[in-house]
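First up is the structure itself, then whatever we jot down about it.
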Amino acid sequence: MWKTGAKVSLLALCMDVLFFTHLVSGSFPRAQNVTWTSTNFKTLLTWGPKPSEEYSYTVDFSVIGQDRQQNPHCIRSGETTCDLTRSLTQLKKTYEAEVLSEPPRGATSDLIEFPHTRSEPFCPYQDTDIDKPDFKIVEGKDKRSVTLYVVDPLTALFNNQQQLTLRDVFADDLQYKVTYRRASSTGKKTYVSKTSQVELTKLDQGESYCFTVQAYIPSRSTNKQLGAFSHTHCSEGERSFTDVYSVQVIIGGVLLILVLLAIIIAVTVVCCRRNRAQKNEKEGVPLRSV
Ligand SMILES: *[C@@H]1O[C@H](CO)[C@@H](O)[C@H](O)[C@H]1NC(C)=O
């Protein structure tokens, strides 16, 4: 009788302990603000809050409707970011990720389902932000045209050992939008080019123009079509005399010429006088002797 009572209370204690651990497991905070951050196909999943020692995060991801996968770096980790650049291999497919709050590595829990938060859908090809391109300008001999040589930006993707450019990935879907204006005015014009070499013609002859370039992918949804603006580069145009030399330099030059003239005149005058004096002397001597 007595022994059975002890057994029952021991069982109750065990139940309590189980219940207690269960409660701890149940307090794993759910991940918040699960967000995709992606530029030129470098793709991170981020969330919060930073986990305590008591729990960790695991990221599951999949093409929507297909089997779930995991990235070995994002299993039971204390980080709040997961680099999925190399994991999202099917660029045109739409992925979904889920951040699970789990016990720390090595610990176990009797929870069957961990708290989890699902991300927004993400398609690398449609959604990755496009960084600013770089370009150089070459002015036409006729001074009425300019050619922009745009360097296709590199992506974070590799094919074997080779790093891919935006052109490698987007091919003909990639265009460039050039925004330009005369250096002396604010009125802007735009030009869309299907190639990375952009020739702008019929410019005002000899005028200086300023250009900025951004990637343009018309096949995407409207708010994702344009990439970041490049730096602005200006052509030189045909610069007038006063653009090339400052007013000070011109005044200085004129003064220098005047000073030189004055010296020449002074020297000439002095020389002439002396010459005449010598001549007079020479001519004078015979006269006197006569
Ligand atoms: C989630 O985002 C909201 C609003 O931006 C912010 O107030 C909150 O602190 C964020 N939570 C975490 C855990 O980062």
Side-chain angles (χ1 to χ4, degrees), residues 17-133 153-157 166 212 214-217 220-231:
V17 168
L18 274 179
F19 190 58
F20 182 68
T21 45
H22 195 94
L23 269 187
V24 167
S25 313
S27 74
F28 296 158
R30 201 176 286 277
Q32 297 168 23
N33 304 339
V34 176
T35 312
W36 295 102
T37 316
S38 179
T39 304
N40 286 8
F41 295 94
K42 178 158 184 70
T43 304
L44 306 177
L45 191 70
T46 58
W47 62 91
K50 272 254 169 258
S52 67
E53 305 260 295
E54 309 291 313
Y55 70 105
S56 67
Y57 292 113
T58 294
V59 174
D60 277 358
F61 66 91
S62 69
V63 170
I64 289 181
Q66 294 183 10
D67 290 344
R68 284 163 176 254
Q69 295 173 274
Q70 292 180 332
N71 176 309
H73 297 112
C74 313
I75 298 173
R76 301 252 172 137
S77 123
E79 305 291 320
T80 54
T81 168
C82 178
D83 188 338
L84 291 172
T85 304
R86 299 282 177 108
S87 305
L88 311 183
T89 48
Q90 295 173 271
L91 299 179
K92 293 192 176 177
K93 293 281 165 107
T94 301
Y95 287 84
E96 216 166 41
E98 211 161 61
V99 181
L100 292 88
S101 304
E102 295 187 336
R105 197 168 294 170
T108 51
S109 161
D110 55 336
L111 265 191
I112 295 162
E113 197 175 80
F114 295 110
H116 53 270
T117 308
R118 188 169 295 188
S119 73
E120 295 282 304
F122 176 80
C123 170
Y125 195 86
Q126 299 297 335
D127 296 331
T128 193
D129 291 335
I130 305 296
D131 214 353
K132 59 176 191 286
L154 289 173
T155 69
L157 303 173
L166 282 185
T212 45
Q214 57 194 148
Y216 174 51
I217 306 168
R220 284 180 160 197
S221 64
T222 13
N223 60 334
K224 295 277 184 185
Q225 286 176 345
L226 288 168
F229 279 113
S230 70
H231 291 299

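Only this structure's heavy atoms are used, side chains among them; waters, hydrogens and symmetry mates stay out. Just follow the structure's listing: the first ligand is 1, and inside any ligand the first atom is 1.
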>> Under a 4.0 angstrom heavy-atom cut-off, which atoms of ligand 1 come close to Q32?
In response: 11 (N), 12 (C), 13 (C)
> For atom 7 (O) of ligand 1, is the nearest protein heavy atom closer than 4.0 Å?
Replying inline: no
> Do the side chains of S62 and Q69 get nearer than 4.5 Å, heavy atoms only?
Replying inline: no
>> How far is atom 12 (C) of ligand 1 from the closest protein heavy atom, and which atom is that?
In response: N33 ND2, 3.4 Å
>> Would you say that Y95 contacts T43 through its side chain, given a criterion of any heavy-atom pair below 4.5 Å between the two side chains?
In response: no
> Looking only at side chains, do T35 and N33 share a donor and an acceptor under 3.5 Å apart?
Replying inline: no
>> Quick check on contacts: which atoms of ligand 1 are under 4.0 angstrom from a heavy atom of G48?
In response: 13 (C)
> Of the non-hydrogen atoms in N40 and T128, which two are nearest, and what is the gap between them?
Replying inline: N-OG1, 3.3 Å
>> Testing the 3.5 Å rule here: is there a donor-acceptor pair between the side chains of N223 and S221?
In response: yes
> Is atom 4 (C) of ligand 1 less than 4.0 angstrom from at least one protein heavy atom?
Replying inline: no
